[in-house]
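Below, chain A is the first sequence line, B the second, and so on; all start at residue 1.
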There are 2 protein chains.
Amino acid sequence: MAEPESATVDLEIIVQGAQEGKKLELRLWLRMLSTTKLISQEIRRRLRNEFGATLPQFDLMAQLYREREGLRLGELSKRTMVTNGNVTGLVERLESDGLVLRVTPDGDRRVTVAKLTAKGETLFSAMAAAHEGWLRDMMADVDPAIVSELWRDIGAVKSSVSNHLSGADFD
Amino acid sequence: MAEPESATVDLEIIVQGAQEGKKLELRLWLRMLSTTKLISQEIRRRLRNEFGATLPQFDLMAQLYREREGLRLGELSKRTMVTNGNVTGLVERLESDGLVLRVTPDGDRRVTVAKLTAKGETLFSAMAAAHEGWLRDMMADVDPAIVSELWRDIGAVKSSVSNHLSGADFD
DNA sequence: CGCAAACCTTTGACATTTCAAATGTCGCTC
DNA sequence: GAGCGACATTTGAAATGTCAAAGGTTTGCG
């Protein structure tokens, strides 16, 4: 089914109203997904090359950096949107690298609290600065006004999605 | 040189500054990421519950559905943004489920072409219809005009990101 | 007190992810 | 027609991801 060189591309797509009508949401989703993948891959590559860290580790440390007292694993799971079982292994690896510490509080022995070590804080703050710069660079060609608008409108999407989940809660 | 032409310049600066200033790109990224994760998880859950399929499998089948003649694994890798090694295992599992067929063309024995089976086409077309509906539902509270706008503006983001990668090409 | 329900984390089985290195084929040159 | 370089896929190690089931701990109620 090789396509002949004739202009089979529909001209009417150019017209606003003739957007093929349906599937607007589907198209938005596909574009969001591919864009997010693209950015993730770039950040992953740089985190690896420049800091020897992975993206999920970075995400987890970001949460701990905001809460210097540490967080329970369940809290970490919610905030990073990573499953419980996954957090266990993630924290294990970070602990063996000396970046995170695990403590069981006196009051409740069911609980494990994870907390950044000094080494972890130092490393994270370097990574965070670089990370922010990478994003600014990658989005350099986008008008700041558009960036703001996107931030707002994607918020609307997130909120709509949250209200139509089959069985969970939200932000 | 620094001649204030009009008051609008100052206003723009004020507006930007009032946006909590820095890190606009970072905040956009975090919101895109969490929203994408949220939607992905929902789709994943439904694909699993209703069709016993995974999201990467769905993505891969979507590409094959568009190209009934089949695609080489390398092409699949590019289109799904999944690494080569990953495609191998993905196709392996789909083949053992009877959804995909692997063929080596006569001309070039380096190549493997994957192609949907009849069973695969039937299953995918059911999944695709459901998938589209899920997205429409999830985004039901978002004004269609905003959806269009987002589609366009995220395109701009994607294009900017593509032009600032450290070592790869693009869409 | 005693025990069942609720809570938090871990474990186990699999699927997916990345990267780098290995394998196999083809095309082209000498 | 032997071999080198380019191309296509597979393999292997390590990390991440899901889900469901199992482990301890606490709480609350009879």
**Item:** Side-chain ion pair, A:E67 and A:R79, N-O less than 4.0 Å
**Value:** yes

**Residues that B:R136 engages under side-chain hydrogen bond (donor to acceptor under 3.5 Å, both in side chains), provided they are two or more places apart** = B:E132

**Request:** Check salt bridge (Lys or Arg N to Asp or Glu O under 4.0 Å) between A:R44 and all other residues, then give those that pass, not counting sequence neighbours.
**Result:** none

**Asked** Got a sec, which residues hit side-chain contact (heavy atoms from CB on, under 4.5 Å) with A:R68, two or more places apart in sequence or on another chain?
**Response** A:Y65, A:E121

**Prompt:** Partners of B:R109 by salt bridge (Lys or Arg N to Asp or Glu O under 4.0 Å), sequence neighbours excluded?
**Reply:** none

**Prompt:** Can you list every pair that meets side chain to side chain donor-acceptor pair (under 3.5 Å) and has a residue in residues 53-62 of chain A, with sequence neighbours left out?
**Reply:** A:T54-A:Q57

**Request:** Indicate for each nucleotide in nucleotides 22-28 of chain D, in 5' to 3' sequence, whether protein heavy atoms under 4.0 Å reach the base (B), only the sugar-phosphate (S), or nothing (-).
**Result:** --BBS--

**Prompt:** Residues in salt bridge (Lys or Arg N to Asp or Glu O under 4.0 Å) with B:K78, at least two apart?
**Reply:** B:E75

**Asked** With sequence neighbours excluded, what pairs up with B:T35 under the side-chain hydrogen bond (donor to acceptor under 3.5 Å, both in side chains) test?
**Response** none

Restricting both atoms to N or O, compile the protein contacts to nucleotides 17-20 of chain D shorter than 3.5 Å, with distance only.
residue, atom, partner, partner atom, Å
D:dG17, OP2, A:N86, ND2, 2.9
D:dG17, O5', A:N86, ND2, 3.0
D:dT18, OP1, B:Q41, NE2, 3.3
D:dT18, OP2, A:T83, N, 3.1
D:dT18, OP2, A:T83, OG1, 2.9

**Request:** Sequence neighbours left out, what passes salt bridge (Lys or Arg N to Asp or Glu O under 4.0 Å) with B:E149? Give chain and number order.
**Result:** none

**Message:** As a test of your reading of the structure, name each stem of DNA chain C as range with range, where a stem is three or more consecutive Watson-Crick or G-U pairs at under 3.5 Å.
**Reply:** C:1-30 with D:1-30

**Prompt:** What residues form a side-chain contact (heavy atoms from CB on, under 4.5 Å) with B:D108, not counting sequence neighbours?
**Reply:** B:R110, B:V111

